[in-house]
Trainee: 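So that we are looking at the same thing, I have put the structure below in structure tokens.
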Amino acid sequence: MIGPTAQGIAAGEFAEFATAFRTGVTYANVHTSAFPAGEIRAQLDR
């Protein structure tokens, strides 16, 4: 898990991520070598 630092969550700050997740404001973007811009993207819902 990384960032988004610009949005107040630095890499590894799990407690901050958990708070964002519980309030419904998280988004996931999974990057792979085949799709470096993002292979899987989704708004996370609690």
Side-chain angles (χ1 to χ4, degrees):
M1 181 183 83
I2 60 171
T5 304
Q7 295 177 13
I9 300 176
E13 290 185 335
F14 189 78
E16 288 79 357
F17 164 75
T19 298
F21 182 77
R22 282 192 298 272
T23 59
V25 296
T26 52
Y27 177 84
N29 190 354
V30 178
H31 301 263
T32 65
S33 58
F35 297 94
E39 184 167 359
I40 302 169
R41 298 181 183 116
Q43 184 74 31
L44 302 178
D45 191 14
R46 47 192 154 101

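The structure presented is a predicted model; accordingly, all values stated were derived computationally and were not measured. Here, residue 1 is the first one in the sequence, and each next residue gets the next number.
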Trainee: Phe17: which residues meet the ring pair (Phe, Tyr, Trp, His ring centres under 6.0 Å) condition with it, sequence neighbours left out?
Mentor: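 Phe14.
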
Trainee: Where do Ala20 and Ile9 come nearest, in terms of heavy atoms and distance?
Mentor: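 Heavy-atom minimum between the residues: CB-CD1, 4.1 Å.
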
Trainee: With sequence neighbours excluded, tell me which residues meet side chain to side chain contact (heavy atoms under 4.5 Å, CB included) with Ala28.
Mentor: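 Testing Ala28 for side chain to side chain contact (heavy atoms under 4.5 Å, CB included), a comparison that skips the adjacent residues, returns Leu44.
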
Trainee: For Thr32, what residues pass the side chain to side chain contact (heavy atoms under 4.5 Å, CB included) criterion, not counting sequence neighbours?
Mentor: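 Once residues adjacent in sequence are excluded, the partners of Thr32 under the side chain to side chain contact (heavy atoms under 4.5 Å, CB included) criterion are Ala34, Phe35, Glu39.
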
Trainee: Identify the two heavy atoms, one from Arg41 and one from Tyr27, that lie closest to each other, and give their separation to 0.1 Å.
Mentor: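 Nearest pair, atom of Arg41 first, then Tyr27: CB-OH, 3.0 Å.
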
Trainee: Please write out which residues are connected to Val30 in a hydrophobic cluster, directly or through intermediates, given that two of Ile, Leu, Val, Met, Phe, Trp, Tyr count as joined at side-chain heavy-atom separations below 4.5 angstrom.
Mentor: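 For the cluster that includes Val30, the remaining residues are Ile40.
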
